[in-house]
Amino acid sequence: MQIEKAAYAFQLDGNPVSCEEFGHGHINSTLKVTTDTGAEYVLQRINKYVFRNPVRLMANVGAVTEFLGKKVKEARNALHYIPTHTGLLYHRDRKGEFWRAYDYIGGFCLDVPETEEDFYQSALAFGRFQDQLADFPAHTLYETIPEFHNTVDRYRQLYESISIDPCQRVANVKDEIYYLTKQEEVACTLQRMRENGELPLRVTHNDTKLNNVLLDRTTRKALCVLDLDTVMPGLSAHDFGDSIRFGAATAEEDEPDYEKMSLDLHLFEVYTRGFLEAATALTDKEVEVLPMGALSITLELATRFLKDYIDGDLYFKTAYPEHNLIRARTQIRLAQDMQSKMNEMNRIVAQVAAQVRK
Ligand code: GN1
Ligand code: MG
């Protein structure tokens, strides 16, 4: 692959000699760049449709990584962004695209935990992240995607797309709309609790999928958390919940045979343990609503996938025409399974909390 011109804008060690596609996020485009000194970097083009203000986004990411960089013991435990020759953390190219670069740390990411220890490691990583940012000045963060995990607003957006129906797809998804509409009140419980002050706002990651945790190749211990674009004030239960949605599921997010999708209660327990061991500052109420966090984020993502399908696939990268519909159906399946296991989840959280919390 040709060297991406944007690579030359950054203060890299040496001259770029190779450039290859890398990672599999749904939003940004990611490349790995190697230079003639052997230095390796990750170069990313920021998706401007999703992130309307890349300058503010990079202000957030820069502040958070600098803050974390001072707290961690080893350099590999935080991302380190590379400035451009003009001293900025982003480069704007001639086409108006925004780029950024950070030191390649090595390690690997998983879409499905291979062992329960992998999943436990990711729980520690996100729990620690929560803890390390507990004294970060939250008011200095921009909202990179306004109302990102405001489930009430996500429902509003879904209904808006349904009423516009730009691609005449609504007729195909009546059952999905019916189910999601019926769950609206449950899905919005946490948002309401946040509004009436029962749950505190924290600095949260907001995209806590297993594949946003980097694991060490040799020790398989968590190195650091990636993908800081959505670090904003939010709810701890949503961070917990998104990890469960993705990593404690028995099938991948876009498994077409949705019969295969369910919640693995053992993995749920493994993650709960790691998260509660590391995120020590949570209130009792925050702990109590963790299972609801899993359900609410799963329902929310189902509304987002369904909305994007109705809109004609504008937001999430898709590999085939019905991809977003499949994703929505699979999330619905998972949400239904979580609903049937809610008592069990509550019992596990209470039990683990009693063992782990002092
Ligand atoms: C997106 O960028 P990526 O693939 O880590 C999305 C998340 C969704 C996720 C679903 C900024 O995350 O909110 O939960 O896809 N990120 C954004 O896989 O919308
Ligand atoms: Mg990602």
Side-chain angles (χ1 to χ4, degrees), residues 21-31 42 44-54 56-58 60-61 64 79 98 100 102 108-113 122 125-126 129 141-151 153-154 157-158 187 204-214 224-235 237-249 251-256 261 293-309 311 313-319 323-335:
E21 291 209 17
F22 186 67
H24 28 211
H26 292 347
I27 308 290
N28 298 315
S29 303
T30 308
L31 304 169
V42 175
Q44 270 186 325
R45 192 182 67 219
I46 301 172
N47 181 324
K48 278 193 302 182
Y49 179 78
V50 171
F51 298 107
R52 302 296 168 110
N53 194 328
R56 288 187 164 188
L57 179 143
M58 286 313 292
N60 274 7
V61 170
V64 169
L79 294 182
F98 285 84
R100 58 174 175 208
Y102 61 86
F108 66 105
C109 299
L110 290 171
D111 282 316
V112 191
S122 76
F126 284 121
F129 186 83
L141 288 173
Y142 294 108
E143 259 200 283
T144 51
I145 303 181
E147 314 297 349
F148 189 56
H149 283 323
N150 179 342
T151 317
D153 195 62
R154 291 295 183 181
Q157 292 185 38
L158 172 65
T204 47
H205 182 278
N206 294 306
D207 187 9
T208 53
K209 304 195 290 189
L210 177 66
N211 67 13
N212 283 332
V213 175
L214 200 60
C224 72
V225 165
L226 305 173
D227 217 346
L228 306 178
D229 300 332
T230 51
V231 175
M232 285 178 273
L235 296 177
H238 280 157
D239 265 9
F240 172 88
D242 207 24
S243 294
I244 297 301
R245 175 194 73 72
F246 191 82
E252 288 192 40
E253 190 177 83
D254 57 354
E255 168 60 54
M261 180 52 111
L295 175 60
S296 120
I297 211 83
T298 306
L299 287 167
E300 183 191 287
L301 189 60
T303 69
R304 294 175 62 197
F305 284 145
L306 194 65
K307 172 193 154 53
D308 203 33
Y309 174 72
D311 289 348
D313 310 313
L314 303 175
Y315 187 98
F316 294 103
K317 286 188 207 160
T318 49
H323 204 163
N324 274 319
L325 177 57
I326 298 283
R327 286 170 173 152
R329 287 191 175 141
T330 303
Q331 293 304 300
I332 287 176
R333 178 71 183 202
L334 179 59

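One is the number of the first residue; the rest follow in order along the sequence. All ligand and atom numbering here is 1-based and tracks the order in the structure. None of these values were measured; they are calculated from a predicted model.
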May I ask you to list the atoms of ligand 1 that are less than 4.0 angstrom from any heavy atom of [X]?
{"X": "Glu253", "value": "10 (C), 18 (O)"}
{"X": "Thr230", "value": "11 (C)"}
{"X": "Tyr315", "value": "11 (C), 17 (C), 19 (O)"}
{"X": "Gly25", "value": "4 (O)"}

(message) Please determine whether a side-chain nitrogen of the Lys or Arg among Asp311 and Lys307 lies less than 4.0 Å from a carboxylate oxygen of the Asp or Glu.
(response) yes
(request) Would you mind checking if Arg245 and Glu253 are paired as a salt bridge, meaning a charged N to carboxylate O distance below 4.0 Å? (result) yes
(request) Please confirm whether the backbone N or O of Arg304 pairs with a side-chain atom of Glu300, one donor and one acceptor, at under 3.5 Å? (result) no
(message) Taking distance alone, with N or O pairs closer than 3.5 Å, would you say Lys209 contacts ligand 1?
(response)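 Yes, at least one N or O pair falls under 3.5 Å.
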(message) Polar contacts were defined as any N/O atom of the residue lying under 3.5 Å from an N/O atom of the ligand; does this apply to Asp207 and ligand 1?
(response) yes
Can you find a non-hydrogen atom of [X] under 4.0 Å from ligand 1?
{"X": "Leu301", "result": "yes"}
{"X": "Arg245", "result": "yes"}
{"X": "Phe51", "result": "yes"}

Strictly by modelled atom types, are [X] and [Y] linked by a side-chain donor-acceptor pair under 3.5 Å?
{"X": "Thr30", "Y": "Gln44", "result": "yes"}
{"X": "Thr303", "Y": "Arg154", "result": "no"}
{"X": "Asp254", "Y": "His323", "result": "yes"}

(request) Please examine the side chains of Asn324 and Leu306, heavy atoms only from C-beta on, and report whether any two atoms are closer than 4.5 Å. (result) no
Of the side chain and backbone of [X], name the one, both, or neither that has a heavy atom under 4.0 Å from an atom of ligand 1.
{"X": "Asp227", "result": "side chain"}
{"X": "Asn212", "result": "side chain"}
{"X": "Asn28", "result": "neither"}

(request) Have a look at Arg304, Arg327, His26 and point out the one with the heavy atom closest to atom 8 (C) of ligand 1. (result) Arg304
(message) Please evaluate residues Ser296 and His238 with respect to the criterion side-chain hydrogen bond (donor to acceptor under 3.5 Å, both in side chains), reporting the C-alpha separation (whole Å), side-chain torsions for both, the decisive distance (0.1 Å), and the verdict.
(response) CA-CA 8 Å; Ser296 120; His238 280 157; 3.2 Å; yes
(request) Have a look at Asn28 and tell me which of Asp229, Asp227, Asn47 forms a side chain to side chain donor-acceptor pair (under 3.5 Å) with it. (result)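 Among Asp229, Asp227, Asn47, the one meeting side chain to side chain donor-acceptor pair (under 3.5 Å) with Asn28 is Asp229.
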